[in-house]
A.B. asks: 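This is the structure I want to talk about, given as structure tokens.
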Number of protein chains: 2
Amino acid sequence: MIRLLADPLRARIVELLAGEALCTCHLVAETGAKQTNISNHLRQLRQAGLVTTEPCGRFTYYRLNPGALQAAADHLTALAERARSHSQSRRPC
Amino acid sequence: MIRLLADPLRARIVELLAGEALCTCHLVAETGAKQTNISNHLRQLRQAGLVTTEPCGRFTYYRLNPGALQAAADHLTALAERARSHSQSRRPC
DNA sequence: GAATCACATCAGCCTCAACTGATATCATTC
DNA sequence: GAATGATATCAGTTGAGGCTGATGTGATTC
């Protein structure tokens with residue numbers, strides 16, 4: 001999940017989709033990447049459940065799944081909280 | 001930053017450090033990875049400000065920086081929130 | 001139904017980053 | 001100060017994954 005957000009192009013796609021639903025052609029235009037490349041990344045995001053698709057004629061709209069993103073955010077928040085509460089403990093050697 | 005958390009071994013290190021401060025030998029023992037490998041990853045985490053070091057004799061303790069982690073979490077939360085508030089908008093083709 | 005457009009899939013290339021072995025450094029112990 | 005133990009650095013190798021070109025599929029238009 002976080003692995004997916006690590007790639008710069010995928011991160012850009014996610015950022016764009018956070019603002020509005022877009023179809024592949026929009027993403028190609030916005031990022032300047034090849035259609036094949038975008039499509040491959042979208043498949044990964046789709047398979048991970050991070051985006052959903054809405055077929056619309058010959059277009060395919062992609063929409064960001066806020067829940068999946070929030071789950072990742074919550075995991076990091078929990079880790080940070082855990083670190084704060086154990087900020088003094090230290091395992092002896 | 002999120003790129004750093006994407007690697008499985010680095011993610012494991014961060015998780016371990018969230019519980020308590022550990023020195024390199026602990027991390028080597030816990031993960032089963034080679035010392036060289038752990039040390040390389042720790043350098044990246046250090047350079048990114050995700051962990052801080054506390055030299056203690058010939059040991060080096062590593063401690064997780066909650067602020068850096070929280071910043072990443074907040075970024076994802078903001079994206080999720082943005083997606084939720086634009087859940088109906090859709091750019092026409 | 002032929003042509004065209006939006007998009008998906010596949011196979012191959014190629015780069016980058018993770019892993020390793022050898023070695024250096026610094027502190028501790030004898 | 002010689003030996004040892006903990007850690008850092010460096011150069012080389014290798015494998016996973018991102019990118020591309022070619023091609024397939026399904027919907028739309030004429």
Side-chain angles (χ1 to χ4, degrees), chain A residues 1-17 20-65 68 72 89-93, chain B residues 1-17 20-65 68 72 89-93:
Chain A
M1 156 63 70
I2 290 192
R3 253 186 123 276
L4 288 177
L5 300 171
D7 180 76
L9 182 50
R10 274 197 299 265
R12 178 94 183 99
I13 291 175
V14 167
E15 231 175 292
L16 288 167
L17 290 180
E20 52 184 339
L22 299 170
C23 58
T24 311
C25 58
H26 289 140
L27 292 169
V28 169
E30 291 277 351
T31 63
K34 308 257 174 151
Q35 180 265 324
T36 299
N37 196 9
I38 295 290
S39 193
N40 278 328
H41 283 303
L42 285 174
R43 173 169 34 165
Q44 297 185 248
L45 295 175
R46 199 191 324 143
Q47 288 174 342
L50 216 122
V51 302
T52 58
T53 61
E54 297 177 9
C56 176
R58 59 181 167 181
F59 304 106
T60 307
Y61 275 91
Y62 281 87
R63 195 177 291 283
L64 196 57
N65 177 5
S89 51
R90 181 161 115 167
R91 186 189 301 186
C93 253
Chain B
M1 156 64 68
I2 289 193
R3 257 187 119 278
L4 288 178
L5 300 171
D7 180 76
L9 182 50
R10 274 197 301 265
R12 178 93 184 101
I13 292 175
V14 167
E15 230 175 293
L16 288 167
L17 290 180
E20 51 183 340
L22 298 169
C23 59
T24 310
C25 57
H26 290 139
L27 293 169
V28 169
E30 292 276 352
T31 62
K34 308 256 174 152
Q35 180 265 326
T36 299
N37 197 7
I38 295 290
S39 193
N40 277 329
H41 284 303
L42 284 173
R43 172 167 37 162
Q44 297 186 249
L45 296 174
R46 199 191 323 144
Q47 287 174 342
L50 217 123
V51 302
T52 57
T53 61
E54 299 178 8
C56 175
R58 58 182 166 182
F59 305 105
T60 307
Y61 276 91
Y62 281 86
R63 195 178 291 283
L64 196 58
N65 177 5
S89 51
R90 181 161 115 166
R91 184 190 302 189
C93 254

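The chains referred to below are lettered A, B, ... by the order of the sequence lines, with proteins before strands, and numbering in each begins at 1. The structure displayed is predicted, hence computed values, not measured ones. Because only heavy atoms are used, hydrogens play no part in the values below, and waters and symmetry mates are left out as well, while side chains stay in.
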A.B. asks: What parts of residues 22-30 of chain A reach DNA chain D, counting only heavy atoms under 4.0 Å away?
C.D. replies: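 By residue number: none to list.
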
A.B. asks: Measuring from atom NE2 of B:His26 to atom OH of B:Tyr61, what distance do you get when rounded to the nearest 0.5 angstrom?
C.D. replies: 5.5 Å

A.B. asks: Within a strict 4.5 Å, meaning less than it, do heavy atoms of the B:Arg91 and A:Glu30 side chains meet?
C.D. replies: yes

A.B. asks: Regarding A:Tyr61, tell me which of base, sugar-phosphate or nothing describes its non-hydrogen contacts under 4.0 Å with the strands shown.
C.D. replies: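 Contact class for A:Tyr61: none.
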
A.B. asks: Kindly indicate, with the supporting measurements, whether the criterion side chain to side chain contact (heavy atoms under 4.5 Å, CB included) is fulfilled by A:Ile13 and A:Val51.
C.D. replies: CA-CA 10 Å; A:Ile13 291 175; A:Val51 302; 6.0 Å; no

A.B. asks: Can you tell me the distance, in whole Å, between the CZ atom of B:Arg43 and the P atom of D:dC10?
C.D. replies: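 B:Arg43 atom CZ is separated from D:dC10 atom P by 6 Å.
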
A.B. asks: When you compare the protein's N or O atoms with those of nucleotides 21-25 of chain D, which come within less than 3.5 Å of each other, and at what distance?
C.D. replies:
| from | atom 1 | to | atom 2 | distance (Å) |
| --- | --- | --- | --- | --- |
| D:dG21 | OP2 | A:Lys34 | NZ | 3.1 |
| D:dA22 | N6 | A:Thr36 | OG1 | 3.2 |

A.B. asks: Specify the closest pair of heavy atoms between B:Arg46 and B:Tyr62, including all atoms of both residues, with the distance to one decimal.
C.D. replies: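 B:Arg46 and B:Tyr62 have their closest heavy atoms at NH2-OH, 3.3 Å.
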
A.B. asks: Testing the basics here: between A:Arg63 and B:Ser89, what is the closest heavy-atom pair and its distance to 0.1 Å?
C.D. replies: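 What the structure gives for the nearest pair is NH1-O, 3.5 Å.
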
A.B. asks: Is there a side-chain contact between B:Leu16 and B:Thr31 in this structure, where contact means two heavy atoms from C-beta onward sitting under 4.5 Å apart?
C.D. replies: yes

A.B. asks: Would you mind reading off the distance between B:Ile38 atom CD1 and D:dA6 atom C1', rounded to a whole angstrom?
C.D. replies: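 For the pair B:Ile38 CD1 and D:dA6 C1', the rounded distance is 14 Å.
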
A.B. asks: How is A:Leu9 classified with respect to the nucleic acid when contacts are heavy atoms under 4.0 Å: base, sugar-phosphate, or nothing?
C.D. replies: sugar-phosphate

A.B. asks: Check every nucleotide of DNA chain C for an atom under 4.0 Å from a heavy-atom of chain A, then give the first and the last such nucleotide from 5' to 3'.
C.D. replies: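 The contact span of chain A on DNA chain C goes from C:dC5 to C:dC10.
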
A.B. asks: If you measure from CG on B:Asn40 to NZ on B:Lys34, what distance do you get to the nearest 0.5 Å?
C.D. replies: 13.5 Å

A.B. asks: Tell me the interatomic distance from B:Asp7, atom CG, to D:dA16, atom P, rounded to whole angstroms.
C.D. replies: 13 Å

A.B. asks: For B:Arg58 and D:dG5, what is the distance between atoms CZ and P respectively, to the nearest whole Å?
C.D. replies: 8 Å

A.B. asks: Within this structure, what is the CD-to-P distance between B:Gln47 and D:dT9, rounded to whole angstrom?
C.D. replies: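 One finds 8 Å between P of D:dT9 and CD of B:Gln47, rounded.
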
A.B. asks: Using atom CG of B:Asn37 as one end and atom C1' of D:dG12 as the other, report the distance to the nearest whole Å.
C.D. replies: 15 Å

A.B. asks: Can you tell me how far C1' of D:dG18 sits from CZ of A:Arg12, to the nearest Å?
C.D. replies: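 Taking atom C1' of D:dG18 as the reference, CZ of A:Arg12 is at 18 Å.
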
A.B. asks: Any chance you could measure B:Leu45, atom CG, to B:Met1, atom CE, to the nearest 0.5 Å?
C.D. replies: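 With rounding to 0.5 Å, CG (B:Leu45) is 9.5 Å from CE (B:Met1).
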
A.B. asks: Which is more 5' along DNA chain C, the nucleotide nearest B:Cys56 or the one nearest B:Cys93? Just name the residue.
C.D. replies: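 First, find each residue's nearest nucleotide; the 5'-ward one identifies B:Cys93.
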
A.B. asks: Provide the closest heavy-atom pair for B:Ala48 versus B:Leu4 in the form atom of the first, atom of the second, distance.
C.D. replies: CB-CD1, 3.2 Å

A.B. asks: To the nearest 0.5 Å, how far apart are CD in A:Glu54 and SG in A:Cys23?
C.D. replies: 11.0 Å

A.B. asks: Once you round to the nearest 0.5 Å, how far does CG of B:Leu22 lie from CG of B:Leu64?
C.D. replies: 10.5 Å

A.B. asks: Counting just side-chain N and O atoms, does A:Arg10 come under 4.0 Å of either OP1 or OP2 of D:dG18?
C.D. replies: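 Yes, such a contact exists.
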
A.B. asks: Taking all non-hydrogen atoms of both residues, which atom of A:Leu50 and which atom of A:Leu5 are closest, and how far apart?
C.D. replies: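 The pair with the smallest heavy-atom distance is CD2-CD2, 4.5 Å.
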
A.B. asks: Counting the atoms with a prime plus P, OP1 and OP2 as sugar-phosphate, which does A:Thr60 contact under 4.0 Å by heavy atoms, base, sugar-phosphate, or nothing?
C.D. replies: sugar-phosphate

